[in-house]
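The block underneath contains the structure these notes are about, expressed in structure tokens.
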Amino acid sequence: MSEIKITVPGVAAPKSIRIIMRNGHPSMANNKRVRGWMTEVATAAKIVMNQSEANYTLRFPFKSDTPIGIMVDVYLPWQKATPKKKAAGYGAHTQKPDADNLLKPIMDALSEAGIWQDDNQVDRIFLQKWRCPIGEERADIVVTW
């Protein structure tokens with residue numbers, strides 16, 4: 001099985017829909033940070049894909065019948081009220097944002113980057129959320145085929 005590893009620094013933005021009123025009518029809008037986060041993910045993926053020593057550019061996008069797996073570790077900062085000793089390490093993340101909302105912009109960004117033709121090719125998904133010290137926020141993404 002082949003794989004590529006992508007690390008995206010920064011705080012992941014969940015794709016959450018808000019209902020807003022426009023001209024007296026309800027309308028849906030994404031979290032404002034989502035577009036910036038998706039750009040970061042797509043840029044990091046393109047850099048990895050274009051690495052000459054790996055020669056990934058000959059493989060992407062994957063053919064529509066290629067089954068693809070994705071494993072994501074998302075590292076989010078501790079809450080401000082966390083004791084300093086605890087906040088200096090890593091731990092489980094069991095609060096919001098929901099894992100599925102963190103995954104959606106990552107999958108969409110990888111589609112935009114040209115990793116696959118359509119994200120319906122992904123048949124295996126594993127996502128884990130972590131708490132981390134401030135300054136170490138990131139998403140580690142592994143795509144397998």
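Listed for the K129 side chain is a donor-acceptor partner under 3.5 Å among the backbone atoms of P97. Looking only at distances, a side-chain donor or acceptor of D118 sits under 3.5 Å from a matching main-chain atom of N120.
For the salt bridge (charged side-chain N to carboxylate O under 4.0 Å, His left out) condition, the pairs that include at least one residue of residues 135-145, sequence neighbours left out, are R138-D140.
Separation of atoms CG (L127) and CG (N101) is listed at 11.0 Å; rounding is to 0.5 Å.
The shortest distance between side-chain heavy atoms of V11 and R33 falls below 4.5 Å.
P105 and V34 make their closest contact through CB-CG1, 4.0 Å (heavy atoms, listed as atom of the first residue, atom of the second, distance). The two residues V8 and A44 make their nearest non-hydrogen contact at CG2-CB, 3.9 Å. Here the closest non-hydrogen pair linking H93 and K96 is CE1-O, 3.3 Å.
Qualifying ring pair (Phe, Tyr, Trp, His ring centres under 6.0 Å) partners for F126, counting only residues two or more places apart in sequence or in other chains: none. Evaluation of the side chain to side chain contact (heavy atoms under 4.5 Å, CB included) rule for S64 yields Q117 as partners, not counting sequence neighbours. Take T144 and apply the side chain to side chain donor-acceptor pair (under 3.5 Å) test, not counting sequence neighbours, and it matches R124.
Note on V142: it does not cluster hydrophobically with I4, by side-chain heavy-atom contacts below 4.5 Å among ILVMFWY residues. At a threshold of 4.5 Å between side-chain heavy atoms, the hydrophobic network of Ile, Leu, Val, Met, Phe, Trp and Tyr places W145 and I125 in one connected group.
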Name each donor-acceptor pair under 3.5 Å that joins a side chain in residues 66-80 to protein atoms two or more places apart or in another chain, with its distance.
unit_1 : atom_1 : unit_2 : atom_2 : d
T66    : OG1    : K63    : O      : 3.2
D73    : OD1    : W130   : NE1    : 3.1
W78    : NE1    : G89    : O      : 2.8

Below 3.5 Å, can you tabulate the donor-acceptor pairs from side chains in residues 107-116 to any protein atom, sequence neighbours excluded?
unit_1 : atom_1 : unit_2 : atom_2 : d
D108   : OD2    : K15    : NZ     : 2.7
S111   : OG     : M107   : O      : 3.2
S111   : OG     : W116   : NE1    : 2.7
E112   : OE1    : R35    : NH1    : 3.4
E112   : OE2    : R35    : NH2    : 3.1

